[in-house]
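Following: one structure in structure tokens, then a few remarks.
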Amino acid sequence: MNIGISHLRAFVAVLDCGSFSLAAAELGISQSAVSHSVATLERSLGAPVFVRSSGVRLTVLGEQILVHARQVVGAYGAIRDVASRHGGQPSGPVRIAATPTACQGILPQLLHRWQHEFPLVQVVVLEGDDAEVESWLDEGAVELAVLIDRPSDAGVRLTTDHFHALLGSDHPLADEAEIDIADLDDDPMIVSTSGCEEHVRKVYQLAHRPLRPGHRVRDMGTLLAMVRSGLGVSVVPGLTSAMLDHRLVMIPLRQYVSRDLTLTGPIGRPWHKAAQVLVESCRQVPSQSLPGQQGARLTLTTSRGTVRRTRTARSEAG
């Protein structure tokens with residue numbers, strides 16, 4: 001009989017939460033992982049523990065093992081708590097600020113890792129534009145921030161993000177492998193004012209062309225909706241790929257412009273202990289492996305609405 005603690009935790013969580021999806025959210029794992037754990041438990045026991053019908057209902061076997069499963073799960077939690085206190089494992093809330101593209105393209109994977117490595121740390125994410133993220137860190141509103149093009153000796157560079165052209169999937173250039181910014185002169189250029197505008201200007205400078213925005217918007221969701229509706233094109237960081245659907249494509253530009261994203265704490269004052277641990281954990285992971293993972297559970301506080309990812313289109317996010 002091969003029964004592990006993860007199988008019993010999933011079993012108890014499904015019963016207590018009332019569904020597999022809510023149990024997944026409670027445990028911080030995917031619904032398929034919960035289903036797999038319960039199925040493995042049932043195979044090991046040789047019989048079902050839940051009646052497969054509307055709602056969650058135990059079988060006779062499920063009722064018989066429930067008390068023992070709770071005891072095992074409770075003992076596991078008690079042992080983990082003792083070990084964490086003995087080893088000085090970091091705990092408590094840590095607030096981290098980031099831009100929308102970083103929130104969608106980088107943080108989910110980090111949050112997923114941190115939940116498993118540091119279960120006593122509760123990470124709360126605040127989403128804002130470049131200026132807001134920096135000010136929140138400076139003012140002490142957050143303990144950590146993902147800063148754009150702000151190197152830090154104490155922080156860690158998460159990734160280098162390359163800028164791409166953003167087009168509607170029905171645009172005449174949507175199937176090109178690479179395009180020159182000059183090829184977009186006939187389309188209104190929609191520019192984000194939340195921090196990317198200086199990088200867009202660099203793209204035009206490399207092409208020796210003036211930037212003449214057709215529209216200037218602050219919210220990335222608005223920009224995506226306008227391009228999706230055929231109101232223009234844009235130049236956006238590669239991490240925007242996490243926010244796209246099938247109606248949008250990103251194409252590499254001949255004019256190479258990139259930005260560095262750095263996770264760091266405040267300058268000039270002590271760091272939260274848990275914040276230091278989270279940053280140090282990122283030094284052990286190659287930066288190119290950080291973006292693009294889904295499935296993490298997070299608390300997201302936004303100053304504006306966000307666009308949820310439905311499908312990643314053509315991209316070379318760095």
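Since the structure is predicted, the reported quantities are computational estimates derived from the model, not experimental observations.
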For Asp260, give me all partners under salt bridge (Lys or Arg N to Asp or Glu O under 4.0 Å), at least two apart in sequence or on another chain.
none
Could you grab the distance from atom CD of Glu127 to atom CG of Leu107, nearest 0.5 Å is fine?
9.5 Å
Please check if the number of heavy atoms outside Arg254 that lie under 6.0 Å from its CZ is greater than 12.
yes
Between Arg247 (side chain only) and Ser229 (backbone N and O only), is there a donor and an acceptor less than 3.5 Å apart?
no
Please name all residues satisfying ring pair (Phe, Tyr, Trp, His ring centres under 6.0 Å) with His7, sequence neighbours left out, ordered by chain then number.
none
Parallel, tilted or perpendicular, as decided by the 30° and 60° cut-offs, for the rings of Phe11 and Phe50:
tilted
Just by distance, do the side chain of Asp149 and the backbone of Arg259 share a donor-acceptor pair under 3.5 Å?
no
Taken in chain and number order and not counting sequence neighbours, the residues that satisfy side-chain hydrogen bond (donor to acceptor under 3.5 Å, both in side chains) with Ser21 are Ser19
So does Pro266 get a backbone contact from the side chain of Trp271, meaning a donor-acceptor N/O pair under 3.5 Å?
yes
Just jot down the side-chain contact (heavy atoms from CB on, under 4.5 Å) partners of Thr193, sequence neighbours excluded, or say none.
Glu197, Arg216, Arg218
Enumerate, atom names and distances included, each donor-acceptor pair closer than 3.5 Å involving a side-chain atom of residues 205-212, sequence neighbours excluded.
residue : atom : partner : partner atom : Å
Arg209  : NE   : Asp185  : OD2          : 3.1
Arg209  : NH2  : Asp185  : OD2          : 2.2

How would you list, by chain and number, every residue that makes a side-chain contact (heavy atoms from CB on, under 4.5 Å) with Ala275, sequence neighbours excluded?
Val94, Glu143, Leu144, His272
Can you list everything that forms a side-chain contact (heavy atoms from CB on, under 4.5 Å) with Asp138? Sequence neighbours excluded, please.
none
Evaluate whether atom NE2 of His215 has more than 12 neighbouring non-hydrogen atoms of other residues, nucleotides or ligands under 6.0 angstrom away.
yes
CZ of Arg283 to CG of Leu263: how many Å apart, nearest 0.5 Å?
9.0 Å
CG of Leu261 to CG of Leu147, rounded to nearest 0.5 Å, is 9.0 Å
Look only at the side chain of Ser35 and the backbone of Gln31, and say whether a donor-acceptor pair between them is shorter than 3.5 Å.
yes
In Val124, Leu126, Ile96, the residue satisfying side-chain contact (heavy atoms from CB on, under 4.5 Å) with Val142 is Leu126
Which residues pass the salt bridge (Lys or Arg N to Asp or Glu O under 4.0 Å) test with Arg43, not counting sequence neighbours?
none
Once you round to the nearest 0.5 Å, how far does CG of Leu61 lie from CG of Leu41?
8.0 Å
Are the side chain of Thr59 and the backbone N or O of Pro48 linked by a donor-acceptor pair below 3.5 Å?
yes
Is there a side-chain contact between Leu224 and Leu244, using heavy atoms and a 4.5 Å cut-off?
yes
With sequence neighbours excluded, residues passing salt bridge (Lys or Arg N to Asp or Glu O under 4.0 Å) with Glu139
none
If the condition is salt bridge (Lys or Arg N to Asp or Glu O under 4.0 Å), which residues does Arg52 pass it with, not counting sequence neighbours?
Glu42
Quick check for you: to the nearest 0.5 Å, what is the distance between Leu278 atom CG and Leu110 atom CG?
9.0 Å
Has the side chain of Gln122 got a donor or acceptor atom that lies under 3.5 Å from a matching backbone atom of Leu120?
yes
Distance (rounded to the nearest 0.5 Å) between Ile181 CD1 and Leu184 CG:
4.5 Å
Taking only residues two or more places apart in sequence, or in another chain, which ones meet Ser152 in a side-chain hydrogen bond (donor to acceptor under 3.5 Å, both in side chains)?
Thr264
Results of side-chain hydrogen bond (donor to acceptor under 3.5 Å, both in side chains) for Ser192 - residues two or more places apart only
Ser194
Testing the basics here: between Glu63 and Leu58, what is the closest heavy-atom pair and its distance to 0.1 Å?
CG-CB, 3.7 Å
